Structures are given as C-alpha cells and as structure tokens.
Amino acid sequence: MTETTSVGTEFPFGPVSPDDAVEHMKRLLADRPMTKVTMPHGGDLWVVHRNRAAKEVLADPRFVREPFRTGERVVPFPVPFPDFLRTTLQFEDPPQHTKLRKLVQKAISPRRVREMRSSAVAFANELIDRMLARDGVHNLVAEYAVPLPIEMLSSLLGVPSSDREKFERWSSSSMSVAGASDSSAADMAELAAYMTDLIAKRREEPRDDLLSSLAHAREKDETLTDAEILPIAFILIVGGFDNTANFITTAVRSLLRSDEQRALFLTDPDGLAPTAAEEVLRHGGFETGNPVGAGGGLVPFVAKEDVLVDGQLIAAGEAVAIDPVSTNHDPATFEEPGRFDITRKDNPHLMLSHGLHHCLGAPLARMELQVGMSEIFKRIPGLRLAGEAEARSDVLTQPMTGLPVTW
Amino acid sequence: MPKVFYTQPDGSERVVEAAAGDSVMQTAVRNGVAGIVGQCGGVLSCATCHVFLAEENAGDFPPVGEDEDEMLDCAATEREDNSRLSCQLVLDDGREVHVTVPEAQL
C-alpha cells in the first residue's frame, strides 16, 4: 500500500494502488455521474462512471454507432481506434444489428452453452494432463488460458483444428494499437480472406457449425452475404479468443495472489465458480497487484438527440462511453466495492456490457471462465506463481502473454 | 403504483413498488432483485430475465410473442408453460404481479 494518498475527484487519474483507486472512484462517483474528457484521438467524450447511469445509456436506443461506422466521425479513444474493429457487429445499429445478432444469438445462448460445458471440461483436462506430464515452470497463458477458448470457439464456428494456431496471431493483430503496423494489416487481410474462403466452403458443403448455419440463414428469401457474415465472425474472434484468455489468466492469477480467497475456492471449486467468475470479471484486475488507472472505456456511442441521464444533459451529436472500472466499483451498487469476494451474490458488473451491444459471447465466456478456473484448481490445488506476469502493451487489451506457474 | 412480488428459488419473497410503464425486468434490475440479469436491456437477445408468471396474472399481459418464444427456448433453466421473459411484462398502474425467479439465468 502506498504511504501518500491523493484521493481527488479528477478523471482520468494516473495509475495508483488498487486501494487508492477504489477510494478515488468513491469520491468521483459521489461528485458526478459522468465526466467530459478530451480523448487523445477523436475529440470529446462523456465517460459515465455510475453503474445505474451506465445501464441507462447502454439500454437507450437513442445512442448509436452509425457516425463511427460510416467514418463520418472519428471514434474518441485513448489510442487510434483500430479500423478492423469498426467492421464488426458492434458498429451496426438496429434494424441491421437486430437481424444479424438474432441469427447468431441462439448458437451461443445460455442453453446451448450448457450443452457445450462437458466438452470444455474435457478439453481443459487434456491441457492439464499435458502440463502435468512435465515438472517445472509452466506458462499458464500459452499452455492453458489461450488454447481453451480457441478450441471452444473454433468448434462453434467450424474452424478446422489444423488451422487453429493461425487464429492466435490473427486475434492479437485485430487488437493492435495504432493498427498501423504493416504486419497487423496483413494479418487482418489474411483473416478476412481465410474466413471468406471458409464461408464459401460451408455454403457448398454445410456442416453442423455456426458458419454453415449463417451461410444458409435466410432472411426474407435473401441469403446472408459474406459482407454480413464477416462482421459476426470477426466480433466472435476478437472477443472469443483474446478477451476470454485474459479473463481466465486474471482469474487464476488473482486467486493465486489471495491466499484467503483461494483457500475458500478450494473448498468447493465447482460450487463457487459461478460467483467467483463474476467477481473476477468485476474486480479481478485489482487483485493482480498492478497499479490501477482510469481513463479507458468501452466503445463509445453518439447521441442521436438530446438525452438527460442522471441529471446530466448529453447533447445531440455528443459521444458517450462507459467506464467499466468505475461502474464496477460504484458503492451505490456494490457493497464494499474494494473487497475481492468470490461469494458475492448481487454482482451487476458491466465488464460484458449491457443492452443490445452486450457481449455476444457472454454465456460462452462465462462458462469457459468457470470451467477454466475450477478444473485447474481441482487438478492442481498446489498451483502457485513462479514469477511475474508478462503483458503486451502494443495490443489494445494489453493481454498477458506469460504467467509462470508451478506446483 | 404497480407492485411486483418476486419469489426466489429458496422461497423467499421480495415486494417492489414499480413505476407504471416499466417492465418486471426493469423493476428488478433497478432495485437489485437477485436472479434477474436482463443483460440485453430488454431487446429479446439474451434470455437472462426468465421468470415463471403466477397463474392469477396469466391474463394480465399480451401472450408470448414469436421472438420471446424463440428466446425462451434458449434460457438456462428449462421453460415451463408459465415461462415468460420479464422484459416483456410491462406494468400497468395499480397492477400486482407475482413471479418466481428460476434456479439459473446463465
């Protein structure tokens, strides 16, 4: 813990200890529901801090993405917004968004994901078997947290096993900060070409997978075009590989750093996994020991007309985004927001967002996170950290690339 | 003012005073009623606001629509005859509604 604390109400604030960040946000949230900030790219943006106000914004159809999609307006963001991300389903508005999302939603519904759970458990155990076959230090990210979501999403989409390695690279490239590097642009072109080719194959010879069903989905006698299927496939790849791997790594890392919560988790990994997973999503990042800053946010919207939210006018044409860090630590919504509590019951965090753009793969991400954390601690209860985590800073989500563990 | 009575799977009940025009889902989310997630905000794309509607209230709302019917098939807890997505249960003034929250939404 730091000796000197400067707990103000300014936003954004620089990296401070997690405890200080919680105190800082408490004062900020008491002061106002949102702050207008000038982003390094794309101009001004309202950043919403309060949990309830954030949900209001996310559920209000008067906030849209069209001006970003068409390029009429630059996305206000801490870094140049990667062009590739603007081609995903996230940037569609109703009615096109509704039509596309509906087609894929059922394939990743809570029900379907329950049916996929046993194969996730089996694959997690295969990965653990491979780890246990050799003593010494292992990289949890490469050997466990990344392969599990890649396997699950590839099976869902219908990507052949032999091609799955490529996806690791493509998935990181899709999140490249600046998006300017030649190799990432080339990777994205490769991914688009690969997916287009795979869609063509599934049109000819459908199988029992999501790409086949999208390729054969019909809306008023019109088959979906490649241009309609690609944004769906892209968002699943972006969210389904990199983000889920990060969640699993954060889950294991935060439990390894909290002896008290780990001891509790080990008493009943399967029973506690559902609430533990939600708590990792809400607060796990604070438990990894890294300093916490604020200023980032989820993808912004633009107000179509004047909208009053929690007493603050968001004028027509203004951009607005949710800050997941402060909305997930709002004392009006969460009791003791700074406490890491894997048994927390009411946990309406916004890590997977809310409203019509809420995480398309949320049920799948949750299931993989639950399975990922419970299986490894069931099989290797003596798991422990064997060094510092490594992360990539040139990628938007700053994914951890290494977490040395041993037993 | 409408009132919603939420019964949890363990039998405990919570009564919430609602605003006319709000749905049973919105009322739950705004008041922190456990077990109703409502992640999509009411656009029929998540199936996480599933409830069992009391028989006495069956006639108080329009019947299950086509999109709601499809999404009910996606819910984590097996649907029953009285299953509804609570985002579709919009409250009239003075209405008293009883719902039971299922075991799981996710």
Side-chain angles (χ1 to χ4, degrees), chain A residues 51-52 54-61 63 89 94-95 97-115 117 273-275 277-278 281 332-335 344-367 369-370, chain B residues 6 8-10 12 14 16 18-19 21-52 65-80 83-88 90 101-106:
Chain A
N51 189 285
R52 275 191 189 187
K55 278 191 171 166
E56 262 183 58
V57 168
L58 292 168
D60 191 325
F63 296 107
L89 186 60
H97 177 270
T98 319
K99 167 187 158 182
L100 297 178
R101 179 152 183 153
K102 213 176 128 182
L103 289 169
V104 72
Q105 192 73 66
K106 278 175 265 169
I108 322 180
S109 68
R111 166 66 50 86
R112 282 293 292 274
V113 164
R114 288 200 154 205
E115 294 161 8
R117 193 174 187 111
T275 50
E278 299 308 307
L281 290 171
T333 304
F334 302 98
E335 225 173 280
R344 192 181 286 275
K345 290 229 161 39
D346 289 335
N347 199 344
H349 65 78
L350 293 174
M351 206 58 194
L352 303 175
S353 197
H354 177 83
L356 81 165
H357 286 289
H358 81 273
C359 172
L360 180 60
L364 182 60
R366 288 193 153 105
M367 182 273 279
L369 179 53
Q370 291 173 15
Chain B
Y6 297 91
Q8 294 296 327
D10 68 4
S12 64
R14 188 167 154 203
V16 180
D22 274 2
S23 67
V24 171
M25 179 278 283
Q26 283 166 325
T27 305
V29 169
R30 284 189 189 145
N31 291 283
V33 174
I36 294 183
V37 181
Q39 187 146 29
C40 78
V43 295
L44 289 171
S45 82
C46 70
T48 62
C49 67
H50 181 198
V51 295
F52 302 111
E66 191 187 333
D67 288 344
E68 184 184 349
D69 187 50
E70 280 187 17
M71 286 313 289
L72 277 169
D73 285 338
C74 297
T77 301
E78 194 77 40
R79 73 186 283 183
E80 290 174 21
S83 281
R84 295 297 306 250
L85 291 180
S86 56
C87 63
Q88 302 303 301
V90 179
V101 175
E103 287 289 337
Q105 298 283 11
L106 299 168

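Below, read A as the first sequence line, B as the second, and so on, with proteins coming before strands; counting in each chain starts at 1. These figures come from a predicted structure and were not determined experimentally.
- Side-chain contact of B:Gln8 with B:Arg14: a donor-acceptor pair under 3.5 Å is absent, judged by distance alone.
- Partners of A:Ala107 by side chain to side chain contact (heavy atoms under 4.5 Å, CB included), not counting sequence neighbours, listed by chain and number: A:Leu210.
- No part of A:Lys345 comes within reach of chain B, as not one of its non-hydrogen atoms sits under 4.5 angstrom from that chain.
- Only the side chain of B:Asp67 has a heavy atom closer than 4.5 Å to any heavy atom of chain A.
- Neither the backbone nor the side chain of A:Ile108 has a heavy atom closer than 4.5 Å to any heavy atom of chain B.
- Side chains of B:Ser83 and B:His50: a donor-acceptor N/O pair is present below 3.5 angstrom, by distance only.
- Listed here is the closest heavy atom pair of A:Pro94 and A:His97: N-CB, 3.8 Å.
- In terms of non-hydrogen atom pairs under 4.5 Å with chain B, the most contact-rich of A:Gly355, A:Pro274, A:Ser109 is A:Gly355.
- Looking at B:Gln26, neither its backbone nor its side chain comes within 4.5 Å of chain A, counting heavy atoms on both sides.
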Distance-only donor-acceptor hits, side chain of residues 31-41 of chain B, under 3.5 Å, sequence neighbours excluded:
{"unit_1": "B:Asn31", "atom_1": "ND2", "unit_2": "B:Thr27", "atom_2": "O", "d": "2.7"}
{"unit_1": "B:Gln39", "atom_1": "OE1", "unit_2": "A:Arg366", "atom_2": "NH1", "d": "3.0"}
{"unit_1": "B:Gln39", "atom_1": "NE2", "unit_2": "A:Ser353", "atom_2": "O", "d": "3.1"}

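- In terms of non-hydrogen atom pairs under 4.5 Å with chain A, the most contact-rich of B:Ala47, B:Ala104, B:Cys46, B:Cys74 is B:Cys74.
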